[in-house]
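Counting starts at 1 for both ligands and their atoms, following the listed order. Computed from a prediction, not measured in an experiment: that's the story for all the values here.
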Amino acid sequence: MKHPEQDGPAVRASDLSVDYAAHGVSPSNRALDGISFELPVGGSLGVIGSSGSGKSTLLRVLSGRHLTGADSRPFVSGGDASTLGRSMRKVGRKELTKLTFEVSLLEQEAGAHLKPELTVTELISEPVLARDKKFSEQALGVRVATLLDAVQMPLSSLDKYPYELSGGQRQRIAIARALVLGPKVFIADEPTAGIDITVRHTVTELLDGFRRDGGTVIVVTHDLAMLREVTDDVLALHQSRVVGYGPIDAMLADPPHEFLAALAQSGGTETQYETPEAVGID
Ligand SMILES: Nc1ncnc2c1ncn2[C@@H]1O[C@H](COP(=O)(O)OP(=O)(O)OP(=O)(O)O)[C@@H](O)[C@H]1O
């Protein structure tokens, strides 16, 4: 599981600060400010925070996608983060390519952004064929069917197009696609968003199984039950900074910040939290 040069945690952030550069009329913007944590190989970290607190930016940086994405890339402006032993500040191009195979990022609303012209089989197979055009058709067929089963979708959906699936089914296909390369680290941004409550456990089971096989998980979720079931520690962000770090129930029992106190009171609907300044309270 470990990168040859890696002899430490799977993921580490040390006083990490991340900015978005000024763009047109938009000024530069600090999205993360002095973030530190460590996640061992095989561990699972939850990330929570109010809207705009920096959760998605953190996932982009830890997965190396800040160096491969399109416009308005965030950049590491202070400290550093490393994933599987590679620095996110100075990872080389070759190492970065390897990292994108080893670290899978399920982006927010991934199911809604599947290519509409591809079938389920093609969608799940695409990352494998993009990496190796000559990959055995038979082995790929088995891998696709196994993943489809893992996300509890029937084999009859193999030839379907995204428009023929429900929102929850599309999200499950996105998850299968994210796991098809057999990553070592799975980073997921709201994986259960849009998934029917009755099949949510599919995702929890999948993450559990992934960890049992030695995989490391980072998950942004508003789902308290999921945080309890699949994470060891939770990193709570508020306005770009860490306001809590530890097991979710310990944090909610003795909230170190008003954001967490509000979350404890609401029973998990943290997005409703507004700062006193935002609602005009002194
Ligand atoms: N492409 C971008 N260009 C400039 N600033 C950005 C960009 N994306 C995000 N930001 C800014 O970075 C900060 C953190 O945003 P981010 O999307 O990481 O937060 P978040 O916690 O994931 O929010 P949400 O829960 O609403 O998805 C915000 O101030 C946001 O406006």
**Student:** If you measure every N/O of A31 against every N/O of ligand 1, is any gap under 3.5 Å?
**Tutor:**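 N/O-N/O distance below 3.5 Å does not exist for this pair.
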**Student:** Looking at E117, I want to see if its CD is surrounded by more than 12 non-hydrogen atoms of other residues, nucleotides or ligands under 6.0 Å.
**Tutor:** yes
**Student:** Check which hydrophobic residues are tied to Y163 through side-chain heavy-atom contacts below 4.5 Å, counting indirect links as well, and list them.
**Tutor:** Y161
**Student:** Which of the numbered atoms in ligand 1 are below 4.0 angstrom from a heavy atom of T57?
**Tutor:** 14 (C), 15 (O), 16 (P), 18 (O)
**Student:** Does ligand 1 have any atom sitting under 4.0 Å from a heavy atom of G49?
**Tutor:**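 It does not; every heavy atom stays at 4.0 Å or beyond.
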**Student:** With clusters built from Ile, Leu, Val, Met, Phe, Trp and Tyr whose side-chain heavy atoms come within less than 4.5 Å, directly or transitively, what are the remaining members of the cluster of V142, listed by chain and number?
**Tutor:** none
**Student:** Could you check whether the rings of F37 and Y245 sit parallel, tilted or perpendicular, using 30° and 60° as the cut-offs?
**Tutor:** perpendicular
**Student:** With a cut-off of 4.0 Å, which atoms of ligand 1 are near a heavy atom of N29?
**Tutor:** 5 (N), 11 (C), 12 (O), 29 (O), 30 (C), 31 (O)
**Student:** Out of K55, R73, Q108, indicate the one that has the non-hydrogen atom closest to atom 27 (O) of ligand 1.
**Tutor:**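 Comparing heavy atoms across K55, R73, Q108, the nearest one to atom 27 (O) of ligand 1 lies in Q108.
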**Student:** What about R60: any of its N or O atoms under 3.5 Å from an N or O on ligand 1?
**Tutor:** no
**Student:** Measuring from the heavy atoms of S50, does anything fall under 4.0 Å of ligand 1?
**Tutor:**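 A heavy atom of S50 does come that close to ligand 1.
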**Student:** Specify the closest pair of heavy atoms between P183 and A178, including all atoms of both residues, with the distance to one decimal.
**Tutor:** CG-O, 3.9 Å
**Student:** Rounded to the nearest 0.5 Å, what's the gap from OG on S77 to CG on L32? Could you check?
**Tutor:**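 With rounding to 0.5 Å, OG (S77) is 8.5 Å from CG (L32).
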